[in-house]
Amino acid sequence: MLSLSRNRARPALLAALGTIAGLVLAGLPASVSHAAEQESCRPDGLYRTPGVDVPYCSVHDTAGQEEMGADHQRRVIGYFTGRRTGKDGTPAYLAPDIPWDKVTHLNYAFAHIDGGNRISVGTDNETNPATGKTWPGVSGAEMDPGFPYKGHFNLLNKFKKQHPGVKTLISVGGWAETGGYCDDGGTRVNSGGFYSMATNADGSANRSGIDTFADSAVTFIRKYGFPAGTRLTGA
């Protein structure tokens with residue numbers, strides 16, 4: 001989880017976490033009913049976001065417990081890193097290599113907060129491993145033409161069709177990208193990351209930055225098929 005003990009950004013970061021917790025479920029398919037009976041599946045104590053009707057029963061049972069499917073009695077959570085592409089000569093680890101039948105949740109590592117306080121995985125082009133890269137000749141890594149993007153995100157969604165019980169999340173941060181981000185050339189930009197997004201220079205909450213990030217996170221998870229949401233991750 002994101003470390004919140006570093007400096008005066010703590011209150012604002014807590015506010016950001018609360019905002020994201022309330023908004024990520026808005027990325028679930030609109031076709032799910034938002035009727036009043038959905039409240040029967042809302043976990044006790046879970047925050048209600050004003051104006052948002054959440055389809056709790058698409059994720060939880062009527063006891064408020066997360067649905068794991070018949071084959072899993074507990075969460076089995078893994079991280080899938082976008083860096084293992086094989087580009088540098090080391091063995092690639094791609095979506096076909098994931099033990100899909102053994103996991104319940106996958107965190108894609110990592111996205112970052114860009115200079116405009118928005119979630120990002122870098123410029124969308126053919127060299128971007130998340131959204132543009134391809135692996136010709138690799139068995140199982142053929143792109144699904146049904147998605148408007150390529151890369152890891154295409155393959156993750158391709159295999160989720162075969163394993164619909166697996167939930168995917170986009171992890172934002174990590175050791176290198178909590179206080180900044182790595183640009184398309186691999187150079188780290190010390191932009192402030194979480195801290196500048198959530199906190200103004202005087203220590204007050206940066207409401208504009210928080211709202212911008214939250215809105216961009218919802219757009220991102222809808223665009224790239226991460227209906228389970230966004231996870232803030234830090235060193």
Please tell me if the side chains of [X] and [Y] come closer than 4.5 Å, counting only heavy atoms from C-beta onward.
X	Y	answer
N206	N200	yes
L169	L106	no
H60	P43	yes
V54	T49	no
S40	C57	yes
L156	F147	no
V166	F159	no
C182	E177	yes

Using 0.5 Å steps for rounding, measure from the [atom1] atom of [X] to the [atom2] atom of [Y].
X	Y	atom1	atom2	answer
L155	D144	CG	CG	9.0 Å
H152	N157	NE2	CG	13.0 Å
M197	N117	CE	CG	7.0 Å
K160	F226	NZ	CZ	7.0 Å
Y108	T168	OH	OG1	12.0 Å

Problem - Pair R188 + D183, salt bridge at N-O below 4.0 Å - result: no
Exercise for the section: Identify whether the distance between the nearest side-chain nitrogen and carboxylate oxygen of K167 and E67 falls below 4.0 Å. Expected result: no
Handout entry: Parallel, tilted or perpendicular: ring planes of Y149 versus Y224, cut at 30 and 60 degrees
Key = perpendicular
Practice task
Mind telling me whether Y93 and F80 have parallel, tilted or perpendicular rings, with 30° and 60° as the class edges?
Solution key: tilted
Exercise for the section: Quickly, which of T212, I113, T219, D215 forms a side-chain contact (heavy atoms from CB on, under 4.5 Å) with R118? Name it, please. Expected result: T212
Handout entry: V103 with L94, same ILVMFWY side-chain cluster at under 4.5 Å
Key = no
Is a donor on one side and an acceptor on the other found under 3.5 Å between the side chain of [X] and the backbone of [Y]?
X	Y	answer
D44	G64	no
R42	L46	yes
T134	P136	no
N107	S171	no
T123	N125	no
E126	G132	no
T178	W175	no
W135	M143	no
K150	A130	no
H112	G173	no

If I compare all heavy atoms of [X] with all of [Y], which pair ends up nearest, and what's the gap?
X	Y	answer
G140	P96	O-CG, 3.3 Å
G86	A92	N-CB, 3.7 Å
S196	S191	OG-O, 3.2 Å
I119	A111	CG1-CB, 3.9 Å
G82	P129	O-CB, 3.7 Å

Practice task
Would you tell me whether D124 and T131 have side-chain atoms, one donor and one acceptor, within less than 3.5 Å of each other?
Solution key: yes
Exercise for the section: Classify the side-chain pair D88/T90 by whether it contains a donor and acceptor separated by less than 3.5 Å. Expected result: yes
Exercise for the section: Report the C-alpha separation of K158 and E142 in whole Å, then their side-chain angles, then the decisive distance to 0.1 Å, and conclude whether the salt bridge (Lys or Arg N to Asp or Glu O under 4.0 Å) test is met. Expected result: CA-CA 9 Å; K158 169 185 170 180; E142 301 84 4; 3.5 Å; yes
Handout entry: Residues R75, E66; criterion salt bridge (Lys or Arg N to Asp or Glu O under 4.0 Å); working and verdict
Key = CA-CA 9 Å; R75 294 180 182 90; E66 186 177 8; 2.7 Å; yes
Fill in the blank from the handout: Using a 4.5 Å side-chain heavy-atom cut-off and chaining through intermediate ILVMFWY residues, the residues clustered with Y181 come out as V189
Handout entry: Shared-cluster residues of Y79, by chain and number - hydrophobic side chains joined below 4.5 Å
Key = F110
